**Q** 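Attaching a single structure in structure tokens format; questions to follow.
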Amino acid sequence: MADVDITSQTMDGMGPHGTRVGLLRVLGPAHVWALGVGIVLVGEYMGWNFAVGKGGAYAALIACWFAGLLYTCVAMIDSEVTSTVASAGGQYTQAKHIIGPLMAFNVGLYLVFAYTMLEAANAITAGYLFSVVASMTGHAAELDQRPFIILVIMFLAWLNYRGVLATLTFNLVITAIAFGAIIILFLSTSGILGGGIMDHAALFEGHELPYGWIGVLAAMHFGLWYYLGIEGTTQAAEEVRSPARALPFGTLAGIMTLLIAATLTWYVCSGILPWEYLGDGVDGAVAPLFDAARLSGSTGLVWLLGFGTLFATLASANGCINDASRACFAMGRDKYLPGWFGAVHPRHRTPYRAIIFLVPIALIFALGAPLDQVITFSILSGLLGYTFMPLNIILFRRKWPLETIKRGYEHPFHPIPAITLLTLCGITFFAVFLGYGTQLVAMIGFYIVVSLWFHFWRYRFVNRGAQFTMPWPKPRGY
Amino acid sequence: MRAHYRPPQQGKISQLIDVIVLVVLTIGALFVPLWLNMAGAAKSVAQPIENPTWEALGQTPAQAAKYEALGHTPQTAHDLILARFDYSFPVGALVTMIAVILLYYFLLLRFSEAEYRDVIAEKFGE
């Protein structure tokens with residue numbers, strides 16, 4: 001089983017699993033950056049501002065930086081493991097090789113749900129944006145957003161169905177425009193180009209920490225939204241030309257981009273919008289950067305940020321479909337899910353069945369649940385995934401010390417990033433508990449039930465030794 | 001050397017049932033708390049103000065000007081400004097949450113380890 005080099009630059013993926021047709025190796029580091037940042041950048045355009053609602057503007061900034069620290073640890077750890085476990089499924093495949101099948105099944109589900117829910121949140125935002133544009137252009141009645149939500153999900157699923165290179169090249173272009181829009185908004189409203197309209201001191205007066213320090217803790221919940229999804233770069237592992245180089249480079253460049261974008265976003269929005277309005281992402285600022293542009297009085301900025309918001313939602317939903325389908329596909333290939341999902345399209349070379357299957361799931365959530373609940377569902381799945389990562393890297397280093405497997409990237413200061421990540425995950429669990437405790441328990445209850453279902457039923461269909469596909473030596477201690 | 005485990009072939013109907021089970025559980029995890037009105041995040045206004053003004057809502061002139069630019073009046077912004085989360089919680093709820101999370105990871109790591117030993121034994125031989 002280990003006679004095929006999965007990191008080969010000349011052959012397509014899938015070889016280790018014995019299938020005839022594999023995913024195409026056509027992507028470079030820029031596509032990896034576009035996949036990671038493309039998924040996440042929408043977090044600056046919508047959703048992060050719920051953190052303001054949970055703790056106030058300063059709390060959201062502190063959450064922004066601590067969540068940034070959390071994701072820096074995620075990116076460092078992920079880059080090391082992924083540069084070695086270069087396979088579709090990302091963290092799912094890592095868990096399968098390092099911790100065990102049940103953990104892998106859970107991690108696979110975290111990925112599928114985190115990305116599918118994020119896709120649903122994106123579609124909701126796109127629908128909202130169309131309704132705002134309609135009212136701004138003179139449409140009197142309230143626009144029905146549902147056709148636009150359905151259209152967004154169907155169009156992007158079709159794009160993903162057709163091929164990964166076109167999908168991620170599309171992402172690269174629209175992500176770059178959306179990132180550029182944030183920079184231009186910052187330059188235009190801060191006084192660097194023209195007159196500034198920000199007034200942090202006046203807007204914060206009397207509302208510095210409206211909930212006190214517990215609000216800072218609570219804000220960590222939605223602080224994750226600034227960066228959620230950057231770990232999705234690993235899903236492209238079987239489709240990049242040089243996994244050991246492109247994945248760490250694209251991931252680390254991505255987190256640096258996001259740290260800049262998140263801080264600028266907070267600075268612009270909190271200096272223009274009152275915190276209560278900014279913090280209410282349902283009845284207040286659904287798309288805060290767009291709202292900030294509206295208050296700038298510049299028609300050009302309104303259009304730019306309107307397109308920026310639309311592009312960010314499309315890029316994110318696009319990347320989410322890509323990642324969720326790869327995780328679903330990888331689990332189907334190993335029979336963790338029915339093998340039907342593990343098929344590759346004979347012409348387009350995409351996991352087309354997984355892509356199609358996830359369309360109605362995303363639609364159910366996008367059309368049937370409020371935005372903050374969908375985001376919370378996504379964040380919780382992501383958070384469970386981040387809690388897995390420190391365990392993963394500690395066991396990886398213990399079972400295969402540095403001298404036993406050559407890594408494409410070795411992250412420094414081990415185990416400090418792992419311990420930091422675990423601590424921040426614990427804090428974030430508490431933050432979610434503050435206000436969304438029922439969802440947290442419901443979600444964990446769901447994962448306990450499906451874990452028992454997998455262990456006592458589903459696992460019988462899985463090949464034991466054959467699922468270990470990496471050409472590694474026997475792990476220490478076994 | 002341990003004999004290789006040969007998994008049974010799963011029929012199409014059985015595959016379909018497995019998918020349905022997962023989908024139903026997934027939808028239930030999100031929608032059941034919503035249907036039962038147990039989903040958190042309910043912000044509420046503790047002390048409504050009868051005839052709100054910007055001053056009564058605790059807004060400075062600069063803050064009020066922003067609300068007006070956004071198209072709000074003190075009446076339309078009343079709930080937006082005054083609604084707050086309630087972060088008080090019973091200790092029992094926190095202990096329950098911690099216990100559920102620890103139980104989950106205990107199950108996960110214990111079952112995973114047992115399965116992993118089988119994988120390694122079959123892959124590398126005992």
Side-chain angles (χ1 to χ4, degrees), chain A residues 54 99-103 106 113 199 202-203 205-206 211 214 218 273-274 276-277 280 283-284 295 335 338 340 361 364-365 368-369 372-373 377 429 433-451 453 455 458-465 467-468 474-475 478, chain B residues 4-5 7-8 10 15-16 18-19 21-23 25-34 38-41 43 58-60 62-63 66-67 69-70 72 77 79-81 83-85 87 89 93-94 96-97 100-101 103-104 107-109 111-120 122-124:
Chain A
K54 284 195 86 175
I99 298 186
L102 181 60
M103 177 62 93
N106 277 264
F113 293 140
D199 198 353
L203 287 179
E205 188 183 338
Y211 289 96
I214 197 164
L273 301 167
E276 302 97 332
Y277 179 86
D280 192 331
D283 299 317
L295 287 193
K335 306 289 196 298
W340 185 82
I361 307 285
I364 288 170
F365 285 92
D372 63 330
Q373 303 292 337
F377 206 98
F429 273 119
F433 171 76
L434 294 173
Y436 293 78
T438 309
Q439 287 90 327
L440 176 57
V441 172
M443 190 81 182
I444 304 274
F446 161 77
Y447 280 113
I448 289 175
V449 171
V450 293
S451 292
W453 174 80
H455 183 77
R458 182 72 222 167
Y459 191 52
R460 74 188 60 191
F461 300 109
V462 178
N463 264 307
R464 301 301 195 252
Q467 63 185 303
F468 194 104
K474 190 176 182 179
Y478 287 83
Chain B
H4 277 218
Y5 171 76
Q10 190 180 24
Q15 290 191 39
L16 184 65
D18 277 4
V19 171
V21 167
L22 268 181
V23 170
L25 287 171
T26 308
I27 292 171
L30 178 64
F31 285 100
V32 168
L34 286 175
M38 290 168 65
K43 287 201 284 189
Q59 303 299 302
T60 63
Q63 292 157 359
K66 292 289 185 187
Y67 274 107
L70 288 162
H72 279 287
D79 285 2
L80 194 66
I81 290 173
R84 292 284 187 279
F85 287 106
Y87 289 148
F89 58 86
L94 180 63
T96 302
M97 182 201 74
V100 169
I101 292 174
L103 171 70
Y104 171 60
L107 276 177
L108 207 51
L109 293 173
F111 286 166
S112 288
E113 178 65 16
E115 293 164 351
Y116 190 68
R117 286 193 175 275
D118 277 352
V119 171
I120 298 303
E122 190 173 305
K123 173 74 182 176
F124 295 97

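Note that the structure is predicted; figures quoted are calculated from it, not measured. Proteins get letters first, then strands, A, B, ... in listed order; numbering begins at 1 in each.
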**Q** Measuring heavy-atom distances to chain B, does A:K335 have an atom under 4.5 Å in its side chain, in its backbone, in both, or in neither?
**A**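 Neither part; nothing is under 4.5 Å.
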
**Q** With rounding to the nearest 0.5 angstrom, report the CG to CG distance, A:D283 to B:D79.
**A**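 Spacing of CG (A:D283) from CG (B:D79) equals 8.5 Å.
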
**Q** Taking the six-membered ring for Trp, are A:Y436 and A:F377 closer than 6.0 Å centroid to centroid?
**A**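 Aromatic pair excluded; centres sit 6.0 Å or further apart.
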
**Q** Determine whether the aromatic ring centres of A:F468 and B:F124 lie less than 6.0 Å apart.
**A**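 Distance test on ring centres: under 6.0 Å, yes.
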
**Q** Flag the one option from A:N463, A:I361, A:V441 with the top tally of heavy-atom pairs under 4.5 Å to chain B.
**A**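 The candidate making the most pairs under 4.5 Å is A:N463.
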
**Q** Please classify the contact of B:L109 with chain A as side chain, backbone, both or neither, using a heavy-atom distance under 4.5 Å.
**A**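 The side chain, not the backbone.
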
**Q** Kindly give the heavy-atom pair with the smallest separation between A:E276 and B:L80, and that separation in Å.
**A**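 Distance-wise, the nearest heavy atoms are CB-O, 3.6 Å.
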
**Q** With side chains defined as the heavy atoms from C-beta onward, is the minimum distance between A:W453 and B:D18 less than 4.5 Å?
**A**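 They are in contact (side-chain heavy atoms under 4.5 Å apart), so the answer is yes.
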
**Q** Below 4.5 Å, heavy-atom pairs only: which of A:F113, A:Y211, A:W340 has the largest tally toward chain B?
**A**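 Looking at each option in turn, the highest pair count goes to A:Y211.
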
**Q** Keeping the roles fixed (side chain from B:S112, backbone from A:M103), state whether a donor-acceptor pair exists under 3.5 Å.
**A**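 Yes, because the side chain of B:S112 sits within donor-acceptor range (under 3.5 Å) of the backbone of A:M103.
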
**Q** Non-hydrogen atoms of chain A under 4.5 Å away: do they reach the side chain of B:Y104, the backbone, both or neither?
**A**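 Interface part for B:Y104: both.
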
**Q** Please determine, among B:A62, B:A69, B:P8, the option with the most heavy-atom pairs under 4.5 Å with chain A.
**A**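 Winner by heavy-atom pair count: B:P8.
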
**Q** Report yes or no: does B:E122 contribute a side-chain atom to a donor-acceptor pair with the main-chain N or O of B:Y5 at less than 3.5 Å?
**A**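 Side chain of B:E122 to backbone of B:Y5, a donor-acceptor pair under 3.5 Å: yes, one is there.
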
**Q** Please round to the nearest 0.5 Å and tell me the distance separating atom NE2 of B:H72 and atom CD of B:Q59.
**A**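 Nearest 0.5 Å value for the NE2-CD distance: 11.5 Å.
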
**Q** Tell me, side chain or backbone of A:F429 under 4.5 Å from chain B's heavy atoms, or both, or neither?
**A**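 Backbone plus side chain of A:F429, per the 4.5 Å heavy-atom cut-off to chain B.
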
**Q** What part of A:L434 lies closer than 4.5 angstrom to a heavy atom of chain B: side chain, backbone, both or neither?
**A**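 Both parts, heavy atoms under 4.5 Å.
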
**Q** Taking the six-membered ring of B:Y116, is NZ or CZ of A:R464 closer than 6.0 Å to its centre and within 45° of its axis?
**A**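 Geometry flag: not set, cation outside 6.0 Å or 45°.
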
**Q** Quick one: of B:I27, B:V23, B:V19, B:L70, who has the most non-hydrogen atom pairs under 4.5 Å with chain A?
**A**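 Looking at each of B:I27, B:V23, B:V19, B:L70 in turn, B:L70 comes out on top.
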
**Q** Identify which part of A:Y447 has an atom lying under 4.5 Å from any heavy atom of chain B, answering side chain, backbone, both or neither.
**A**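 Both the backbone and the side chain of A:Y447 come within 4.5 Å of chain B.
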
**Q** Check for a donor-acceptor pair, side chain of B:Q63 on one end and backbone N or O of A:E205 on the other, with a separation under 3.5 Å.
**A**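 Yes, B:Q63 side chain to A:E205 backbone: donor-acceptor pair under 3.5 Å.
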
**Q** Where does B:T26 contact chain A at under 4.5 Å (heavy atoms): side chain, backbone, both or neither?
**A**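 Contact with chain A is through both the backbone and side chain of B:T26.
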
**Q** Which answer fits A:I364, side chain, backbone, both or neither, if we ask what part of it has an atom under 4.5 Å from a heavy atom of chain B?
**A**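 Looking at A:I364, backbone and side chain both touch chain B.
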
**Q** Can you tell which part of A:V449 gets under 4.5 Å to a heavy atom of chain B, answering side chain, backbone, both or neither?
**A**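 For A:V449, side-chain heavy atoms alone lie under 4.5 Å from chain B.
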
**Q** Flag the one option from A:G284, A:G206, A:G368, A:S451 with the top tally of heavy-atom pairs under 4.5 Å to chain B.
**A**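 Sorted descending by pairs with chain B, the first entry is A:G368.
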
**Q** Side chain of A:Q467, backbone of A:V462: donor and acceptor closer than 3.5 Å?
**A**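 Judged by distance alone, no pair lies under 3.5 Å.
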
**Q** Need one label for A:I448: side chain, backbone, both or neither, based on atoms under 4.5 Å from any heavy atom in chain B.
**A**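 Both parts, heavy atoms under 4.5 Å.
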
**Q** Do you know which of B:L94, B:L16, B:V21 has the most heavy-atom pairs with chain A at a distance under 4.5 angstrom?
**A**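 With the most close heavy-atom pairs to chain A, the winner is B:L94.
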
**Q** Under a 4.5 Å heavy-atom cut-off, does chain A meet the side chain of B:V100, its backbone, both or neither?
**A**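 Interface part for B:V100: both.
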
